[in-house]
Amino acid sequence: MRGSLLVDNIGELVTNSPGGDGPLGIRRDAALLVEDGQVAWVGPARDAPAADRRIDAEGGAVLPGFVDSHAHLVFAGDRAAEFAARMAGEPYTGGGIRTTVGATRAASDDELRATVRRLRGEAMRQGTTTIEIKSGYGLTVADEARSLRIAAEFTEDTTFLGAHVVPAEYADRPDDYVGMVCGPMLAAAAPYARWIDVFCERGAFDVDHARAILACGQAVGLGVRVHANQLGPGPGVQLGVELGAASVDHCTHLTDADVDALASTGTTWVSGFEPTTVATLLPGAEFSTRSPYPDARRLLDAGATVALATDCNPGSSYTSSMPFCVALAVREMRMTPAEAVWAATAGGAAALRRTDVGRLARGARADLMILDAPSHLHLAYRPGVPLIRQVLHNGVPQCRP
């Protein structure tokens, strides 16, 4: 859609940029101009330039689109019975991943594509304009490559997670599986991937295997991400910091040394970033597994950079809703509403090392949401209520929820 677009009559504009109030860079009585898919101007409504078209925010808050930096959308099958068993008291061990692997291998490309399209649409309707998508439910050379090829149809942030778990056929030969991940699987997956990830956890990959796999990914130009410290204390966080990972994800069980290591990587995020290792917290997983929630307050008070993401997957966090994760973070993880909104937008962008999303300032991508509420506070204040009135992606209005 060509031409300029003015968004005005905004109750509260969250910019995540200098020039506004507080950590969210809030502006009031503001307007925003979009041209060629980018934010071209932000300023007082009284000074708004003429535009070809106009969207009346009707007094609603305008925020950057959510940046969901951790999602597993390429899969087949259903694990609702597993969820019911956990709600009845069965502990979560991560073993159900292999159930999804079998269903995913058996599914056609079109079936996998339809699932990604459905979940991507759900997320967009709830304000998510940028999403990372992982592989990890194929665990063969062909299935990992096709998972990433399909994911790349929906996002530029694709992550190779061949090291999700050791598949059943390699259960007694983990070294052989690691060799395959580092060799033919990586070669087939890398053309479709921006990132490489490893589930460094008991029952998955130990620190030596994880380091070897991530180093191989780095050698072919992939950025590093790590699933770390979800099921208990472990070496994943320290490994991620050692390798300069963009993000370590879950961070449920942290030692003081882990917190210090994350904080030591810095918190810079204005118009650019230092290569921070972000602690990406996934409260949907704790909700769905009845596990302890991460202590976001501890990380924030130490000076670490925190992001929020959904971990959308069929087993341990089957939600595509970033508003739900924001509400959980405020209620269960001791974050303020402003911290949670920042973590779900600018924090997610930092976790993906993106400067074009997660903020609303001149030159940023025109990804934004308009709330049917006057303030960002309502995302946590009114949990479960569909508050997203309109979404713009690349400056183009999407279908209303």
Side-chain angles (χ1 to χ4, degrees), residues 69-72 74-75 94-95 97-98 100-101 104-105 132-149 151-152 157-251 258 261 275 277-278 280 311 313 351-353:
S69 61
H70 185 128
H72 306 251
V74 188
F75 65 86
I97 292 170
R98 292 183 178 88
T100 301
V101 169
T104 302
R105 289 177 177 178
E132 179 257 20
I133 302 176
K134 303 178 189 294
S135 67
Y137 291 124
L139 308 188
T140 68
V141 171
D143 285 307
E144 284 297 294
R146 74 162 177 154
S147 293
L148 287 162
R149 174 173 48 80
D157 278 295
T158 53
T159 299
F160 169 46
L161 184 58
H164 202 180
V165 293
V166 176
E169 62 269 28
Y170 282 88
D172 298 325
R173 298 179 292 134
D175 290 346
D176 290 347
Y177 184 69
V178 170
M180 185 175 71
V181 171
C182 288
M185 189 182 286
L186 176 60
Y192 307 105
R194 183 183 177 207
W195 303 98
I196 187 168
D197 196 347
V198 173
F199 191 18
C200 184
E201 194 73 65
R202 67 174 186 266
F205 294 87
D206 66 25
V207 68
D208 293 331
H209 282 159
R211 181 182 286 107
I213 291 166
L214 294 172
C216 288
Q218 285 183 309
V220 298
L222 301 183
V224 171
R225 321 185 73 73
V226 185
H227 280 61
N229 299 55
Q230 177 187 7
L231 304 179
V237 167
Q238 298 289 337
L239 177 64
V241 173
E242 171 194 328
L243 296 179
S247 180
V248 290
D249 298 26
H250 286 290
C251 296
D258 294 331
T277 297
V278 176
T280 299
D311 192 20
N313 75 81
L352 295 176
R353 294 193 171 163

Taking only distance into account, with no hydrogens and no angle test, what donor-acceptor pairs under 3.5 Å do side-chain atoms of residues 140-147 form with protein atoms, sequence neighbours excluded?
| from | atom 1 | to | atom 2 | distance (Å) |
| --- | --- | --- | --- | --- |
| Thr140 | OG1 | Asp143 | N | 3.0 |
| Thr140 | OG1 | Asp143 | OD2 | 2.8 |
| Asp143 | OD1 | Arg146 | NE | 3.0 |
| Asp143 | OD1 | Arg146 | NH2 | 3.4 |
| Glu144 | OE1 | Ser135 | OG | 2.5 |
| Glu144 | OE1 | Gly136 | N | 3.3 |
| Glu144 | OE1 | Gly162 | N | 3.4 |
| Glu144 | OE2 | Gly136 | N | 3.2 |
| Glu144 | OE2 | Gly138 | N | 3.0 |
| Glu144 | OE2 | Leu139 | N | 2.9 |
| Arg146 | NH1 | Ala107 | O | 2.9 |
| Arg146 | NH1 | Asp109 | OD1 | 2.8 |
| Arg146 | NH2 | Thr104 | O | 2.8 |
| Arg146 | NH2 | Ala107 | O | 2.8 |
| Ser147 | OG | Asp143 | O | 2.8 |

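Between His164 and Val101 the shortest side-chain heavy-atom distance does not fall below 4.5 Å. Between Val198 and Leu239 there is no side-chain heavy-atom pair separated by less than 4.5 Å. Val248 is not listed as a side-chain neighbour of Val241, based on a closest heavy-atom distance of 4.5 Å or more. A 4.5 Å side-chain heavy-atom check between Asn313 and Phe75 finds every atom pair outside the cut-off. The side-chain heavy atoms of Arg105 and Pro167, taken from C-beta on, include a pair separated by under 4.5 Å.
The aromatic rings of His72 and Tyr137 sit tilted relative to each other, their planes meeting at an angle between 30° and 60°.
For the side chain to side chain contact (heavy atoms under 4.5 Å, CB included) test with Trp195, the passing option among Leu222, Leu352, Leu161 is Leu352; the others fail.
Shown here for Gly244 and Arg353, the closest heavy-atom pair between the two residues is O-NH2, 3.4 Å. Closest of all the heavy-atom pairs between Thr280 and Ala351 is OG1-CB, 3.8 Å. When all heavy atoms are compared, the tightest approach of Pro235 to Val207 is CG-CB, 3.6 Å. Smallest separation of non-hydrogen atoms from Leu186 and Gly217: CD2-N, 4.0 Å. Considering all non-hydrogen atoms of both residues, Thr159 and Asp197 come closest at CG2-CB, 3.5 Å. In plain terms, the two heavy atoms of Val226 and Ala245 that are nearest each other are CG2-CB, 4.4 Å.
By the salt bridge (Lys or Arg N to Asp or Glu O under 4.0 Å) test, Asp175 is found to be paired with no residue, residues two or more places apart in sequence or in another chain being considered. Residues meeting the side-chain contact (heavy atoms from CB on, under 4.5 Å) test with Pro174, sequence neighbours left out: Val166, His209. Not counting sequence neighbours, the partners of Asn229 by the side-chain contact (heavy atoms from CB on, under 4.5 Å) test are Val237, Leu254, Asp258. Under the rule for a ring-ring contact (aromatic ring centres under 6.0 Å, His included), the partners of Tyr170 that lie at least two apart in sequence or sit in another chain are Tyr177. The ring-ring contact (aromatic ring centres under 6.0 Å, His included) check on Phe205 picks up nothing, with sequence neighbours excluded.
Within the 3.5 Å criterion, the main-chain N or O of Gln230 finds a donor-acceptor partner in the side chain of Glu201. Although no hydrogens or angles enter the test, the distance criterion places a donor-acceptor pair under 3.5 Å between the side chain of Thr158 and the main chain of Tyr192.
The list of side chain to side chain donor-acceptor pair (under 3.5 Å) pairs with a residue in residues 179-190, not counting sequence neighbours, is empty. Evaluation of the salt bridge (Lys or Arg N to Asp or Glu O under 4.0 Å) test over residues 180-190, restricted to residues two or more places apart or in two chains, returns none. Listed by first then second residue, pairs satisfying salt bridge (Lys or Arg N to Asp or Glu O under 4.0 Å) with a partner in residues 180-194 read Asp157-Arg194, not counting sequence neighbours. Residue pairs meeting the salt bridge (Lys or Arg N to Asp or Glu O under 4.0 Å) criterion with at least one member in residues 229-239, sequence neighbours excluded, do not occur. The side chain to side chain donor-acceptor pair (under 3.5 Å) contacts involving residues 214-226 comprise nothing, where partners must be two or more places apart or lie in separate chains. Residue pairs meeting the salt bridge (Lys or Arg N to Asp or Glu O under 4.0 Å) criterion with at least one partner in residues 227-244, sequence neighbours excluded, are Arg211-Glu242.
His227 and His70 form a side-chain donor-acceptor contact under 3.5 Å, judged by distance and modelled atom types alone.
To the nearest 0.5 Å, atom SG of residue Cys200 and atom CG of residue Asp249 are 12.5 Å apart. Interatomic distance, Leu214 CG to Cys182 SG, rounded to the nearest 0.5 Å: 9.0 Å.
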